[in-house]
Amino acid sequence: QVQLVESGGGSVQAGGSLRLSCAASGLRYSSYSLGWFRQAPGKEREGVATISSTGDSTYYADSVKGRFTISRDDVKNTLFLQMNNLKSEDTAMYYCAARSKWEGPIDDLASYESAYWGQGTQVTVSS
């Protein structure tokens, strides 16, 4: 049984930092491209960052480029998202997703619809 569990969310003031983690189990981790997505109240879910199965390719939404960094630890089967210089518009529920590496380029965000998903962790940024 595949399980993805996010952690690290919380409340922070604008300009602050948080580091999200997503621990995976029940899948061959190295065969999966991974991603972070977020959904704010009243808005559609959006892709934040994705990383290839080898870790050598990454994608970032324009809104987070230069502030967020995605990384993976295939020994610990854990995905990370380092978020710096947080803004109020980053407030959302953050989800991690794991998708087979064979389902296309990592910036094809629609391909994550059929991915495995975690339950989410809330990030709240106050200005």
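Source: prediction; values computed, not measured.
Across all their heavy atoms, D74 and R72 have their closest contact at OD1-NE, 2.8 Å. For the residue pair G9 and T121, the shortest heavy atom distance occurs at N-OG1, 3.1 Å. Here the shortest heavy-atom pairing between Y29 and C22 reads OH-O, 4.5 Å. Contact detail for R45 and Q39: the closest heavy-atom pair is N-NE2, 3.8 Å. For the residue pair T91 and A40, the shortest heavy atom distance occurs at O-CB, 3.6 Å. Closest approach of T78 and S21 over heavy atoms only: CG2-CB, 4.2 Å.
With hydrogens and angles ignored, the 3.5 Å screen pairs a side-chain donor or acceptor of E6 with a backbone N or O of Q119. Proximity of a side-chain donor or acceptor of T124 to a complementary backbone N or O of S11 within less than 3.5 Å is not detected. With W36 contributing its side chain and F80 its backbone, the two residues share a donor-acceptor pair below 3.5 Å.
For the atom pair CZ of R99 and OG of S111, the computed distance is 3.5 Å after rounding to the nearest 0.5 Å. Considering CD1 of I70 and CG of L34, their distance stands at 7.0 Å, rounded to 0.5 Å. S30 contributes atom OG, which lies 10.0 Å from atom OH of Y32 (distance to the nearest 0.5 angstrom). A distance of 10.0 Å separates OG of S33 from CH2 of W102, quoted to the nearest 0.5 Å. To the nearest 0.5 angstrom, S53 atom OG is 12.5 Å from R28 atom CZ. Atoms CG and CZ, from L81 and F68 in turn, are 6.0 Å apart once rounded to the nearest 0.5 Å.
The cluster map of Ile, Leu, Val, Met, Phe, Trp and Tyr, joined by side-chain heavy atoms under 4.5 Å apart, puts Y59 and I51 in different clusters. Tracing side-chain contacts under 4.5 Å through hydrophobic residues (I, L, V, M, F, W, Y), one reaches L20 starting from V12; they form part of the same cluster.
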(request) Apply side chain to side chain contact (heavy atoms under 4.5 Å, CB included) to R38 and D90, showing your working. (result) CA-CA 9 Å; R38 67 187 181 187; D90 295 319; 2.9 Å; yes
(message) Under the criterion side chain to side chain contact (heavy atoms under 4.5 Å, CB included), I'd like the reasoning laid out for V125 against Q13: C-alpha separation, chi angles, the key distance, then a yes or no.
(response) CA-CA 5 Å; V125 184; Q13 289 191 329; over 6 Å; no
(message) Apply side chain to side chain contact (heavy atoms under 4.5 Å, CB included) to residues Y95 and L4 and explain how you reach the verdict.
(response) CA-CA 9 Å; Y95 301 89; L4 302 177; over 6 Å; no
(request) Test side chain to side chain contact (heavy atoms under 4.5 Å, CB included) on D73 and L79 and set out the steps. (result) CA-CA 6 Å; D73 183 336; L79 176 70; over 6 Å; no
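Between Q122 and Y94 there is no side-chain heavy-atom pair separated by less than 4.5 Å. Under the 4.5 Å side-chain criterion, counting only non-hydrogen atoms from C-beta, T50 is not in contact with T58. Counting heavy atoms from C-beta on, the side chains of Q82 and S17 come closer than 4.5 Å. In this structure the side chain of L86 never reaches within 4.5 angstrom of the side chain of N84, judged on heavy atoms.
Residue-environment remark: CD (E103) exceeds the threshold of 12 foreign heavy atoms within 6.0 Å.
Proximity of the aromatic rings of F37 and W117 is defined here by a centroid distance below 6.0 angstrom, and this criterion is met.
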